[in-house]
Amino acid sequence: MDRAEQVAALSGVAADQWGLVTSAQAKELGVGGVQLLRLTEAGLLANVGRGVYQLTAAGVPAHLEVKVAWLRLQPKWFVWDRAVGNPDSGVVSHASACQLLVLGDIPAPDVEISVPRRRTTTEPFVRLRTAQITATEITTVDGLPVTTATRTITDLLRTGADGGHIGGVVADAERRDLVTVDDLAERVQPFARKYGLKASATGHDLIDHLVAQAGERLRRQEVDRASQEGFDQAVHLLAERPDLVELMWAARAAVRQPAPSPAASVLDPALLESIRKLSQPDPAVSEALRTMLQPNPALAEAMRTMLQPNPVITEAMQKMMRPFVASMGKTAQPNTEVMQKIMQPLVESLRKAMQPDPAVGEAMRKMLQPDPGIARALRSTAALPPSTLKALGQVTPPAPKSERTSASCRSPAAENTTNSKEGDQELDGSSSQGPEESDSQPG
């Protein structure tokens with residue numbers, strides 16, 4: 001295997017391991033220690049840890065020390081083959097987890113990794129902690145298994161880390177919604193005495209104490225502070241402007257009291273009830289309209305019969321056209337006598353065909369006649385009830401009676417005058433229509 005093949009084999013693995021490869025993994029790929037030394041001397045590899053090499057073309061990854069220490073826990077295993085919970089596997093925790101999660105400003109001089117069983121290492125800046133961590137307490141950051149924010153905070157409290165540093169971690173985690181205050185308070189309550197609080201102190205008291213040491217505020221505290229400042233400003237403004245208090249109480253009373261409807265304050269209740277009844281649809285009218293809108297089977301059958309071609313007329317026209325076609329075949333000039341004989345019966349047939357069918361006419365007449373049920377329903381809805389008229393104040397004597405009364409009070413002379421005028425109009429009408437009748441008689 002030449003140098004290019006060696007670099008290609010190492011690059012395929014290092015591409016999924018942040019550009020890093022261990023000597024044990026390289027041996028599995030067929031690249032021994034001598035070849036790794038020569039590639040390092042050629043500048044193609046860089047030795048970044050005991051038994052860990054980096055491809056120089058890939059660049060230096062972030063948190064290089066943490067990744068090198070985690071790879072050395074299982075040097076023969078590739079990253080994609082490592083399962084969480086393996087006895088030889090590890091999880092980045094404590095201050096190193098804060099660095100990967102970007103929480104607070106806690107210092108991390110050593111790489112801290114929690115392992116499920118006791119292990120030792122000769123690396124000067126790597127610290128292995130024995131702890132049992134469940135799968136729900138592990139998250140992934142940049143391909144590395146890392147403890148969650150809640151587990152990281154409890155680990156720091158358990159090891160006695162500085163309270164101010166822990167308070168900064170808590171504040172950052174709460175702002176980024178990585179923790180919930182209630183859940184975190186339940187988990188950190190056992191450490192209240194360890195950080196100088198009373199035995200009766202709650203987890204919320206410890207969180208507030210740690211955040212205050214860091215000079216930070218939780219989002220809940222910021223909201224409470226803003227609310228208190230707004231309340232204080234409102235009280236100060238109302239103290240300076242007493243008229244605003246009266247205006248506020250008046251507006252509150254206006255909102256609580258329902259505004260009366262303009263119609264309800266003007267119209268009589270009986271009138272409103274009548275209008276409500278009139279606005280409701282009458283079942284009789286609805287049924288009448290529905291019946292009227294239904295198609296009439298008799299009319300539909302009559303229209304269909306009228307639109308169908310008459311076989312008698314068709315056969316007659318065919319018989320009449322045969323002599324005409326025969327005469328056109330004998331001579332180029334049409335025979336006038338033959339054409340007249342043909343056209344006379346054709347015109348007569350068309351005249352008879354254009355006459356309306358009595359059955360169709362009867363069906364149309366019945367359809368156009370108003371339905372007595374519909375008429376009665378419409379009259380019943382058009383008439384206002386007496387209660388409505390009484391509410392409107394418009395109860396007047398019936399119109400027909402007044403007309404009869406006025407007619408009975410007329411004098412005989414007036415009736416004679418009226419009769420004479422009507423007679424004159426009839427005479428004028430008959431005289432004016434006379435010439436028209438005489439002109440139309442000869443025709």
Side-chain angles (χ1 to χ4, degrees), residues 1-97 99-101 108-135 137-147 155:
M1 183 183 297
D2 57 7
R3 181 175 297 179
E5 293 176 349
Q6 295 172 2
V7 174
L10 297 176
S11 299
V13 174
D16 296 328
Q17 296 186 158
W18 315 286
L20 304 176
V21 61
T22 64
S23 58
Q25 293 171 350
K27 187 176 181 180
E28 293 288 335
L29 297 174
V31 181
V34 178
Q35 286 82 4
L36 291 175
L37 179 59
R38 292 178 179 177
L39 292 174
T40 303
E41 294 175 350
L44 299 176
L45 296 178
N47 189 0
V48 293
R50 183 184 300 177
V52 181
Y53 295 87
Q54 172 205 346
L55 270 73
T56 55
V60 180
H63 308 292
L64 177 61
E65 297 83 1
V66 178
K67 294 173 180 177
V68 169
W70 185 75
L71 284 175
R72 291 192 69 253
L73 291 176
Q74 294 174 295
K76 294 183 179 181
W77 292 80
F78 297 102
V79 171
W80 53 86
D81 292 333
R82 300 190 182 191
V84 177
N86 188 287
D88 294 328
S89 180
V91 180
V92 181
S93 61
H94 296 80
S96 299
Q99 286 188 342
L100 269 70
L101 295 172
D110 300 331
V111 176
E112 297 181 87
I113 299 177
S114 296
V115 292
R117 62 184 179 87
R118 183 176 179 82
R119 292 187 60 178
T120 59
T121 179
T122 57
E123 293 291 326
F125 301 106
V126 177
R127 187 170 185 177
L128 300 180
R129 297 181 178 273
T130 305
Q132 299 295 329
I133 303 176
T134 62
E137 296 175 328
I138 300 175
T139 185
T140 303
V141 178
D142 194 16
L144 287 171
V146 184
T147 54
D155 288 341

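For the single chain, residues carry numbers from 1 onward in sequence order.
Using a 4.5 Å heavy-atom cutoff, the side chains of His63 and Val92 are not in contact. Between Glu123 and Val68, every side-chain heavy-atom pair lies at or beyond the 4.5 Å cut-off. The side-chain heavy atoms of Trp80 and Val13, taken from C-beta on, include a pair separated by under 4.5 Å. A 4.5 Å side-chain heavy-atom check between Val21 and Val31 finds every atom pair outside the cut-off. The shortest distance between side-chain heavy atoms of Val111 and Trp70 does not fall below 4.5 Å. With a 4.5 Å cut-off on side-chain heavy atoms, Ser114 and Thr147 do not count as touching. Side-chain contact between Leu45 and Leu10: present, with at least one pair of heavy atoms (C-beta onward) separated by less than 4.5 Å. At a threshold of 4.5 Å between non-hydrogen side-chain atoms, the residues Leu100 and Asp142 do not count as touching.
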Original post:
Does the pair Trp18 and Val79 meet the rule for a side chain to side chain contact (heavy atoms under 4.5 Å, CB included), with working shown?
Top reply: CA-CA 10 Å; Trp18 315 286; Val79 171; 4.2 Å; yes
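Smallest separation of non-hydrogen atoms from Pro116 and Gln132: O-NE2, 2.7 Å. Among all heavy-atom pairs drawn from Ile113 and Ser93, the shortest one is C-OG, 4.0 Å. The nearest pair of heavy atoms linking Val126 to Thr121 is O-CG2, 3.7 Å. Considering all non-hydrogen atoms of both residues, Leu39 and Arg3 come closest at CD2-CG, 3.5 Å. Contact record, Gly19 with Ala58: CA-CB, 4.0 Å, taken as the closest heavy-atom pair. Considering all non-hydrogen atoms of both residues, Ser11 and Leu55 come closest at OG-CD2, 3.0 Å.
In this structure, Arg72 contributes its side chain and Gly51 its backbone to no donor-acceptor pair below 3.5 Å. Side chain of Gln54 to backbone of Leu20: no donor-acceptor contact under 3.5 angstrom is found. Panel note: side chain Arg82, backbone Ser89; no donor-acceptor pair is recorded below 3.5 Å. The backbone N or O of Ala62 lies less than 3.5 Å from a partner atom in the side chain of Lys67, making a donor-acceptor pair.
To the nearest 0.5 Å, atom CG of residue Leu36 and atom CG of residue Leu44 are 11.5 Å apart. Interatomic distance, CG of Asp155 versus CD of Glu137, reported as 8.0 Å (0.5 Å rounding). One distance of note links OH of Tyr53 with OG1 of Thr22; it measures 10.0 Å at 0.5 Å rounding. From Ser23, atom OG reaches atom CD of Gln35 across 12.5 Å, with rounding to the nearest 0.5 Å. In this structure, Arg38 CZ and Gln6 CD are separated by 8.5 Å, a value rounded to the nearest 0.5 Å. Taking CD of Gln25 as the reference point, atom CD of Gln74 lies at 10.5 Å (rounded to 0.5 Å).
A salt bridge links Glu112 with Arg129; the closest basic N to acidic carboxylate O contact falls under 4.0 Å.
The environment of CZ in Arg127 is sparse: at most 12 heavy-atom neighbours from other residues, nucleotides or ligands sit within 6.0 Å.
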